[in-house]
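For reference, the structure is listed below as structure tokens.
Atom set for the values below is all heavy atoms of this structure, side chains included, hydrogens, waters and symmetry mates excluded. So you know, we letter chains A, B, ... as the sequences are listed, proteins then strands, and number each from 1.
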Amino acid sequence: MADEALFLLLHNEMVSGVYKSAEQGEVENGRCITKLENMGFRVGQGLIERFTKDTARFKDELDIMKFICKDFWTTVFKKQIDNLRTNHQGIYVLQDNKFRLLTQMSAGKQYLEHASKANFR
Amino acid sequence: MAVCIAVIAKENYPLYIRSSPTENELKFHYMVHTSLDVVDEKISAMGKALVDQRELYLGLLYPTEDYKVYGYVTNSKVKFVMVVDSSNTALRDNEIRSMFRKLHNSYTDVMCNPFYNPGDRIQSSRAFDNMVTSMMIQVC
């Protein structure tokens with residue numbers, strides 16, 4: 001669909017835009033990554049507020065994780081999380097084998113050097 | 001028609017609080033503050049099957065002789081508290097629920113506003129203010 005390509009392009013431009021606007025010598029330290037992460041966090045907050053408006057109240061952490069892996073991921077990325085692991089002490093690892101925002105980039109060799117900059121939270 | 005409406009953040013500080021008869025504001029602030037304990041009790045659901053309904057609407061929190069306090073919690077642990085006049089017996093549960101629904105919708109719109117930082121007081125949203133005004137008692 002056309003809108004997906006548009007969003008992918010915008011997303012890639014955002015990453016390169018943040019890196020370009022950083023001062024010299026800052027490319028390697030974490031500030032660009034933090035900026036991008038914070039952008040993603042804020043967008044995520046708004047999305048979550050909209051999606052959880054109509055769902056039932058979450059009873060425990062597992063409920064929250066299930067919601068993220070199934071409902072949220074399906075609504076945003078049109079597929080579910082492939083693997084969820086936990087150590088039962090508060091750490092959860094979500095694994096997505098075909099992350100939609102990266103599939104175009106990872107398919108060819110063109111972008112390999114920039115792939116490390118794309119940090120997704 | 002509510003007498004006081006408050007939006008409380010996850011960390012239990014007020015994001016937005018407005019009462020209609022502006023003389024007794026402090027009393028309403030105090031009532032909202034004490035109702036937070038009841039809200040916490042209801043959300044913690046320690047083995048009480050009654051609260052196990054998994055609903056966002058919490059219902060009547062506690063009645064005083066003049067006022068009734070209703071609560072609602074979102075999934076991001078933001079609480080809405082509404083104080084209504086006890087003498088206004090025409091207000092049924094459904095109406096309170098629909099008022100909370102409207103509040104939740106407006107709050108979601110405020111959250112999606114990119115100029116709003118979550119955790120700030122809700123000050124600059126005219127739409128939110130208008131919606132709250134429409135729900136409060138018109139005191140001339």
Give the cluster check for Leu9(A) versus Val15(A): same hydrophobic cluster or not, with ILVMFWY residues linked at side-chain heavy-atom distances below 4.5 Å.
no
More than 12 non-hydrogen atoms from neighbouring residues, nucleotides or ligands closer than 6.0 Å to CD on Gln95(A), yes or no?
yes
Does the side chain of Glu49(A) reach to within under 4.5 Å of the side chain of Val110(B), using non-hydrogen atoms?
no
Quick check on Phe77(A): does its CZ atom have over 12 non-hydrogen neighbours (other residues, nucleotides or ligands) under 6.0 Å away?
yes
State, with a plain yes or no, whether a side-chain heavy atom of Lys53(A) is found less than 4.5 Å away from one of Tyr107(B).
no
Between Cys112(B) and Gly46(A), the two heavy atoms sitting closest are SG-O, 3.7 Å
More than 12 heavy atoms of other groups within 6.0 Å of Lys77(B) NZ
yes
Measure distances from Arg42(A) to the heavy atoms of chain B and classify the residue's part below 4.5 Å as side chain, backbone, both or neither.
side chain
Per-residue contact mode, Asp109(B) against chain A (heavy atom under 4.5 angstrom)
both
Which distance, rounded to the nearest 0.5 Å, do you find between the OG1 of Thr52(A) and the NE2 of His104(B)?
5.5 Å
More than 12 heavy atoms of other residues, nucleotides or ligands under 6.0 Å from NZ of Lys10(B): is that the case?
no
